[in-house]
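Structure first, commentary second.
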Amino acid sequence: NDLLQIVKIELSKLREKLQPQEIVLSFTNSLITYLTEATAEGENGARPIQRLIQTKVENPLANALIEKTIHKGSEVKISYVHGEINLEIA
């Protein structure tokens, strides 16, 4: 599925973006499935996926960074459970 591949590529870019801060991201299959299905309902292509990832994943990550919940060396598992995006920080 093309959408699935685009979702994985965009999440990989996000992972790479945080590597200099030694923040390790992992994504559950439930999150990847949610992002793929949510995008499949609307327009196709990379732009809607990028917007969805920015809104649903990057913004909560940015807020956690600002609040210092996430810091250098953190490991963050991002999942989709019961209709919500969850950040599990270790």
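Distance CG/L52 to CZ/R47: 15.5 Å, rounded to 0.5 Å. Here the OG1 atom belonging to T36 is positioned 9.5 Å from the CD1 atom belonging to I6, to the nearest 0.5 angstrom. Considering CD1 of I9 and CD1 of I53, their distance stands at 10.5 Å, rounded to 0.5 Å. In this structure, S79 OG and I85 CD1 are separated by 8.0 Å, a value rounded to the nearest 0.5 Å. For the atom pair CG of L31 and CG of N86, the computed distance is 9.5 Å after rounding to the nearest 0.5 Å. Summarising the geometry, atom CD1 belonging to I70 is positioned 6.0 Å from atom CD1 belonging to I23; distances are rounded to the nearest 0.5 Å.
Linking Ile, Leu, Val, Met, Phe, Trp and Tyr residues whenever their side-chain heavy atoms come within less than 4.5 Å leaves V81 and V57 in two separate clusters.
By the side-chain hydrogen bond (donor to acceptor under 3.5 Å, both in side chains) test, T28 is found to be paired with S30, residues two or more places apart in sequence or in another chain being considered. With sequence neighbours left out, Y34 forms a ring-ring contact (aromatic ring centres under 6.0 Å, His included) with Y80. By the side-chain contact (heavy atoms from CB on, under 4.5 Å) test, V24 is found to be paired with E75, residues two or more places apart in sequence or in another chain being considered.
Residue pairs meeting the salt bridge (charged side-chain N to carboxylate O under 4.0 Å, His left out) criterion with at least one member in residues 13-23, sequence neighbours excluded: E10-K13, K17-E58, E22-K72. Counting only residues at least two apart or on different chains, no ring pair (Phe, Tyr, Trp, His ring centres under 6.0 Å) pair has a member in residues 5-27. For the salt bridge (charged side-chain N to carboxylate O under 4.0 Å, His left out) condition, no pair includes a residue of residues 76-90, sequence neighbours left out.
Taking the side chain as every heavy atom from C-beta outward, I78 and L61 approach each other to under 4.5 Å. Annotation: side chain of L35 is not in contact with side chain of L3 (no heavy-atom distance under 4.5 Å).
In this structure a side-chain-to-backbone donor-acceptor pair under 3.5 Å is missing from S12 to K8.
Closest heavy-atom contact between P48 and T39: CB-CG2, 4.2 Å. Across T55 and P60, no two heavy atoms sit closer than the pair O-CD, 3.6 Å.
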